[in-house]
Amino acid sequence: MIKHLLNPKLWLWVLTIGHTLAVGLPLFDSTGTVENFWGVGSATESSVALLAYALLVMLSLSIIQAGIALFTSGAVFHRMALLVVAAYVWMAAATSIHPDASEFGGFSGWIAPLVISAVLAATTLVAMSRSSTTEPAQLAVQTTS
């Protein structure tokens, strides 16, 4: 059971599904989402279209994360997983220091993604340290044959 909980791919999938839901669900009610952020009556056609476009762009991160989980393994997966963590830390920092951060939920909206990202980073670093002790032996076998 513990071995499954320490699997970085599990945590990448948790982060991917959470991100997909958090970003994808507001697309079904873009007008309501705009009015939640900026007040009732503030939803113009252009603001709704801009929000929908921004959410679709953010949804592309879920596609990239799913691709990393499905199509990479080993050291490449570990490096890519750490890049995903860096992207979430950057998004949290950039959103939180924005002058209108309170309108976007402030830092509190980033607590869950950052906690999951921290678990992903920790499990990835553990997996990297375990595989780094076995990789040199595998490389030696490959170069001698």
To the nearest 0.5 Å, tell me how far L125 CG sits from L82 CG.
-> 5.5 Å
In the hydrophobic clustering (ILVMFWY, side-chain contacts below 4.5 Å, transitive), which residues join [X], or is it alone?
{"X": "I2", "answer": "L6"}
{"X": "L50", "answer": "none"}
{"X": "Y53", "answer": "V57"}

Kindly give the heavy-atom pair with the smallest separation between [X] and [Y], and that separation in Å.
{"X": "K9", "Y": "A69", "result": "NZ-O, 2.9 Å"}
{"X": "V23", "Y": "L59", "result": "CG1-N, 3.8 Å"}
{"X": "A81", "Y": "T124", "result": "CB-OG1, 3.8 Å"}

With a 4.5 Å limit on heavy-atom distance, are the side chains of [X] and [Y] in contact?
{"X": "S131", "Y": "H78", "answer": "yes"}
{"X": "P8", "Y": "L120", "answer": "yes"}
{"X": "W13", "Y": "L70", "answer": "yes"}

Answer yes if V85 and L61 sit in the same cluster of Ile, Leu, Val, Met, Phe, Trp and Tyr residues linked by side chain heavy atoms under 4.5 Å apart, and no otherwise.
->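 Yes; tracing contacts between hydrophobic side chains, which count when under 4.5 Å, links both residues.
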Measure from the side-chain N and O atoms of W11 to the backbone N and O of L5, and report whether any donor-acceptor pair falls under 3.5 Å.
->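 Side chain of W11 to backbone of L5, a donor-acceptor pair under 3.5 Å: yes, one is there.
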Would you please test I116 and Y88 for side chain to side chain contact (heavy atoms under 4.5 Å, CB included) and show each step?
-> CA-CA 10 Å; I116 296 170; Y88 276 92; over 6 Å; no
